[in-house]
Amino acid sequence: FRVGSKHAVGARRRAMAPFRDATGADVVVGRSSGRWLCLDDFVASGEPQAKLAPGDLLRLGFPRNWPAAYTGSAALKSLIGKRGRIPAKKVAVAGEATAEDLTWIPRLEYQPLQSFGNAERAARERADLSVVRGFAVFERLDLAAGAVFVAERYWWVARPCGRWVDVSPRPCGCEQVLLVEPSEPSLADKAPSTLSAASAELISALLRARFDLSWDVSEAAARVGATTQPTRPKAQASAAPPPARSVPAPQPLPADAKATPPSAASSSNGAGAKKGLDYSKFDAIEDSDDERPVPKQESMTLPIGMPREAVSRAEYDKVWQALLRIKDLPFAPAPDLDQMWGYYKYGGMDEQALLDQACEFLGKFPMRLDPADFKARTYTLTRKLEGEGREDEARMWANICILRFPKDPDAYYNQGVLLAKMCDKAKFGGAPTAKLCSLDGPATTVPIEQYCSLYSRAAMGFYRRCLKVDPKQRPGYINLIGCLERNEPSGWYDEVQQLAAQAVKNGIWYNKWQRPPHFVPSLVAKAWHNPEDFEMCRKLNANFDTIRGEYDAYIAKLAGRKDWDDSDTTPGLGDVGNRAGALHDGGLRKSGRWREVPLFTNCALQREYAEQFPETVRILQTHCRDATGLALCGGGDVIFSVLSPGTRLRPHCGPSNSRLTCHLPIHVPKTAEQGCFIRVAAEPPRGWPEGRCILFDDSFEHEVVYPEAKPDEPYPGDRVVLLLNFWHPEFEFKNDPEWRQKSDEMMATVDVETLPQTAIAKPPA
């Protein structure tokens, strides 16, 4: 017979053996679980009440008169037309796989009449393939042309480009198959079940008719009562490392158990065996060292590869409790097992693979993929789950990688990233409390400060372990220092300085004060620059009155706005950190309030604000093109930065040394001597002279302080500056959309507090 793709030649040989499931295991009627073809998987054209019998399915083939039948056959329209029994979303003819297709499709042994399992196994092996659930449409060749068409529930895979590839074996002479994706996906769903006698009879008949193969159903049914020893299957492909069949985990012998010597065991095998020694007389012997007795250990059967409907909640919880209590793992808060259980119970193969991989580690089974492939596939799933907001499951993948590869820094880093992300989501979510889960009992509700403290400390612990494993892991330094700066635990500043010195020693940076994530070592580095050396600053100084006048008019307009006047759509000041892409800027605020009026941010001109500042925007677009160009390339912002009295911004470094930062002071109620200042690196603090630009390199550590008013002085008002990030004058790739990749290849795809794209942890090609 033919196969849907030529790489499945191995399936041709395997199909000559008794019928097997999608993994290649022998099928047992009444016991084997899978997605088995049955009469309900076939739908015929014509009246909905028309019933199909097995004999109606024995002479099916590719539709005759194709493609004219697609538009001219009323019977086919009644089946897959817009008002048909299976309304089609997409229809395509799949031939044999092309040479390009073969580079994408895993080389596995695909089984006949197992399209469901074949497609799932291919997609598990390659995470960039997706399963398409639909129907294969045939014509009854025993009737007149165009009389009756039959749709068979059928699955295949799609490449990332969208091209469909059928991986299942086909009968001789069937070089093409008509595939239909229904507009209602649920029509093509197929739930796992135990193989019934009726399904077995249908499959046997189809094997004979389509592939000229015989399968003795009575022999398969006879094996129902036989006792079989579960064995570990051959390696299966998976989108993550492949799940295995159900095998009980090897367990240590309980303290009160008696070991049965070979002679004693053999005595029970038959009357002719010799009687073994009686070991019962040794039961009362006590240890002469009078050691503390070892407590009895509870045995546990690992649900590896079991159908999810056969796995109980208690079994599921025990797996994660056992895994997370392994002492090799650094401390981390317990995951939400309720949520994980829900995703597992109603999820797909990825959720099954996660449980199976945890079981395989607990069962001390070796990996069936090479280390690089295992890491790449788990990394792909970790990123996928992180993107879906399922951080706890992503953390479990990271834990499995840590246990499998304790000397791999990436796994510790990824765990730290996920914990820090969960901390930030809670911190900026606005809720006063959060749910704190436990492995041993129900979750408790705790204040948000306690939750964030726990998760941030755990994240820092994993970052520290990452750097212990690899002292040259640049993302580890960046995120650990950032986590320390935003959360300020006891002794945090001393640790930041120690980490910075260690990073300089390992060649990460050149100066302990200059610690940007994106680093171009060839650029001149100094904390402060002379604004008179820059034409942009001179033009801003010259237009100070215009810019300040527009800002004051904007504030006056907001102050005079009536709450009941819906026609006034003037946008208000926003809190820094609430805007997309600026979440971590909000974490820099230690106290007080930090707000902004965004003009050029998020790679765009913010038109609703720009309308309030027409002359300011004109000045920026005419004289400050290095600032607007950087903003449009996603490397910086142009905003009015507004600090209320009592505000302190923590010491921190900017994201890149490919830029400098200019402040044009608009309103500065206090001088540096009065406590309103900016400190950059180890230089003396400076104030903001109104109307005169100041210029510094924000990739150096800097902090801002604007103190509260004293009890005996009037309210001073806000400190306001026009803040512009602009290209460093020596930077080579100004206004190039790929400036990050071209100037710092290592960190091109790594943002602070995101999962890394390292040389090892890359998705499969």
Side-chain angles (χ1 to χ4, degrees), residues 127 239-241 316-344 347 350-362 374-406 408-427 429 434-440 443 446 451-466 469 473 475-476 479-480 483 753-758 761:
Y316 184 88
D317 287 355
K318 283 182 180 179
V319 170
W320 298 114
Q321 290 164 356
L323 187 84
L324 296 173
R325 288 191 173 113
I326 295 175
K327 294 182 179 179
D328 293 337
L329 290 174
F331 163 77
D336 188 342
L337 291 179
D338 289 337
Q339 185 183 69
M340 288 177 56
W341 168 253
Y343 281 121
Y344 168 77
D350 290 348
E351 290 75 15
Q352 181 71 53
L354 176 59
L355 179 65
D356 287 340
Q357 285 304 307
C359 292
E360 289 203 16
F361 179 83
L362 291 172
F374 186 99
K375 294 176 188 178
R377 296 180 190 285
T378 56
Y379 175 79
T380 298
L381 273 175
T382 303
R383 287 300 300 262
K384 174 177 177 286
L385 291 166
E386 180 204 25
E388 294 173 356
R390 295 161 61 180
E391 287 86 0
D392 277 336
E393 291 166 275
R395 286 171 51 206
M396 297 308 101
W397 278 119
N399 280 331
I400 292 170
C401 278
I402 288 172
L403 294 170
R404 289 288 191 185
F405 311 103
D408 178 20
D410 288 342
Y412 298 100
Y413 176 87
N414 291 347
Q415 183 74 281
V417 166
L418 293 163
L419 290 164
K421 182 177 180 181
M422 296 176 76
C423 172
D424 286 345
K425 284 174 66 175
K427 182 185 295 183
K435 182 174 74 169
L436 191 63
C437 299
S438 170
L439 288 177
D440 299 314
V446 299
Y451 180 94
C452 292
S453 174
L454 186 67
Y455 274 77
S456 64
R457 284 190 289 113
M460 288 185 275
F462 278 92
Y463 290 145
R464 293 187 184 103
R465 182 69 70 90
C466 167
V469 173
Q473 179 82 333
N479 282 2
L480 177 53
C483 210
E753 296 295 354
T754 60
L755 297 178
Q757 183 72 50
T758 66

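Position 1 is the first residue of the sequence; numbering continues from there.
Considering only heavy atoms from C-beta on, Val469 stays 4.5 Å or farther from Asp408 through its side chain. Taking 4.5 Å as the limit, some side-chain heavy atom of Leu439 sits within range of a side-chain heavy atom of Leu337. Using a 4.5 Å heavy-atom cutoff, the side chains of Leu354 and Trp320 are in contact.
Of all the heavy atoms in Cys437 and Ala443, the pair that sits closest is CA-CB, 4.0 Å. For the pair Ile400 and Ala358, the tightest heavy-atom approach, listed with the atom from each and the gap, is CD1-N, 3.8 Å. Pairing each heavy atom of Pro333 with each of Ala458, the nearest pair is CD-CB, 3.7 Å. Closest approach of Tyr463 to Ala420, counting heavy atoms only: OH-CB, 4.0 Å. Between Cys401 and Ala411, the shortest heavy-atom distance links the atoms CB-CB, 3.8 Å. Looking at every heavy atom in both residues, Leu362 comes nearest to Val319 through CD1-O, 3.5 Å.
Considering only residues two or more places apart in sequence or on other chains, Phe361 meets the ring pair (Phe, Tyr, Trp, His ring centres under 6.0 Å) condition with none of them. In this structure Lys384 satisfies the salt bridge (charged side-chain N to carboxylate O under 4.0 Å, His left out) test together with Asp350, Glu388, sequence neighbours excluded. The side-chain contact (heavy atoms from CB on, under 4.5 Å) check on Pro330 picks up Tyr412, Phe462, Arg465, with sequence neighbours excluded. Legend: residues meeting ring pair (Phe, Tyr, Trp, His ring centres under 6.0 Å) with Tyr343, ordered by chain and number and at least two apart, are absent. Partners of Ala398 by side-chain contact (heavy atoms from CB on, under 4.5 Å), not counting sequence neighbours, listed by chain and number: Gln415. Asp440 meets the salt bridge (charged side-chain N to carboxylate O under 4.0 Å, His left out) test with Arg325; sequence neighbours excluded. Partners of Glu351 under the salt bridge (charged side-chain N to carboxylate O under 4.0 Å, His left out) rule, at least two apart in sequence or in another chain, are Arg390.
Here Leu403 contributes atom CG and Gln357 contributes atom CD; the two are 12.0 Å apart, rounded to the nearest 0.5 Å. Here CG of Leu355 is found 12.5 Å from CE of Met396. Values are rounded to the nearest 0.5 Å. Here SG of Cys452 is found 11.0 Å from CE of Met422. Values are rounded to the nearest 0.5 Å. Rounded to the nearest 0.5 angstrom, Cys359 SG and Leu323 CG are separated by 9.5 Å. One distance of note links CD of Glu393 with CD of Glu391; it measures 10.0 Å at 0.5 Å rounding. Note: Trp397 CH2 to Tyr379 OH = 15.5 Å, rounded to the nearest 0.5 Å.
Just one residue in the list Leu480, Leu419, Asn479 forms a side-chain contact (heavy atoms from CB on, under 4.5 Å) with Met460, and that residue is Leu480. The one candidate from Leu385, Thr382, Leu418, Val417 that meets the side-chain contact (heavy atoms from CB on, under 4.5 Å) condition with Arg395 is Leu418.
Note on ring orientation: taking the six-membered ring where Trp is involved, the planes of Trp341 and Tyr316 are perpendicular (angle over 60°, cut-offs 30° and 60°). Taking the six-membered ring for Trp and thresholds of 30 and 60 degrees, Tyr451 and Tyr455 have nearly parallel ring planes, at less than 30 degrees apart.
Applying the salt bridge (charged side-chain N to carboxylate O under 4.0 Å, His left out) test to pairs two or more places apart or on separate chains, those with a residue in residues 334-343 are Arg313-Asp338, Asp336-Lys435.
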Quick one, Ile402 with Asp328, criterion side chain to side chain contact (heavy atoms under 4.5 Å, CB included). Give me CA distance, side-chain angles, the key distance, then yes/no. CA-CA 9 Å; Ile402 288 172; Asp328 293 337; over 6 Å; no
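Lys421 places a side-chain N or O within donor-acceptor distance of the main-chain N or O of Glu386, the cut-off being under 3.5 Å.
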